[in-house]
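Presented below is the structure to which this report refers.
The residues of the chain are indexed from 1 along the displayed sequence.
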Amino acid sequence: MCAGLLVFAFVQRDVHDMPVAFTWLMIGLTFPIGLPAAAIVGMLMSQLYAKFGLTYSPFMDLLPDWLAMVSLGYLQWFVVVPSIVRRLSRGERGT
């Protein structure tokens, strides 16, 4: 779904509100870790843009957000949560 959303962002890169829709959909897919990740990456990107005088590109500006949220979302849903579930299920069998 995240890869499909990235394709959507590329295809719709000329649409004015695409970055807003993209960001909220990514936050929804990677919630709860996606919310602070989007905020932190957004702040870092705005500082980089100001410091180096980079020009804004709707699609290219979203790539760091996408990479951070996909990485953290994957870690959250496919590593941490299953680990917690396994630990809890082992603990219940032992009692």
Counting distance only, does the side-chain N/O of [X] pair as donor-acceptor with the main-chain N or O of [Y] below 3.5 Å?
| X | Y | value |
| --- | --- | --- |
| Gln76 | Phe31 | yes |
| Ser46 | Met43 | yes |
| Ser83 | Val79 | no |

Which distance, rounded to the nearest 0.5 Å, do you find between the [atom1] of [X] and the [atom2] of [Y]?
| X | Y | atom1 | atom2 | value |
| --- | --- | --- | --- | --- |
| Met18 | Thr23 | CE | OG1 | 8.5 Å |
| Phe22 | Phe10 | CZ | CZ | 13.0 Å |
| Ser57 | Leu63 | OG | CG | 8.5 Å |
| Met69 | Ile40 | CE | CD1 | 11.5 Å |
| Tyr49 | Thr55 | OH | OG1 | 7.0 Å |

(request) With the side chain counted from C-beta on, respond yes when Leu6 and Phe59 share a heavy-atom pair under 4.5 Å apart, and no when they do not. (result)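 Leu6 reaches Phe59 side chain to side chain.
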
(request) Using a cut-off of 6.0 Å, state whether more than 12 heavy atoms not belonging to Tyr56 lie near its atom OH. (result)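 Yes, the 6.0 Å shell around OH holds more than 12 heavy atoms from other groups.
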
(request) Please name all residues satisfying side-chain contact (heavy atoms from CB on, under 4.5 Å) with Pro64, sequence neighbours left out, ordered by chain then number. (result)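 Pro64: side-chain contact (heavy atoms from CB on, under 4.5 Å) contacts with Val41, Met45.
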
(request) Take Thr30 and Val70 through the test side chain to side chain contact (heavy atoms under 4.5 Å, CB included) and record every step on the way to the result. (result) CA-CA 7 Å; Thr30 59; Val70 167; 5.6 Å; no

Under 4.5 Å between side-chain heavy atoms, counting indirect links through other Ile/Leu/Val/Met/Phe/Trp/Tyr residues: same cluster for [X] and [Y] or not?
| X | Y | answer |
| --- | --- | --- |
| Val15 | Leu25 | yes |
| Val81 | Ile27 | no |
| Leu29 | Trp24 | yes |
| Val20 | Leu5 | yes |
| Trp66 | Met60 | yes |

Compare every heavy atom of [Y] with every heavy atom of [X], then report the nearest pair and how far apart it is.
| X | Y | result |
| --- | --- | --- |
| Leu54 | Leu48 | CD1-O, 4.2 Å |
| Leu62 | Pro19 | CD1-CA, 4.0 Å |
| Asp65 | Asp61 | OD2-O, 4.3 Å |

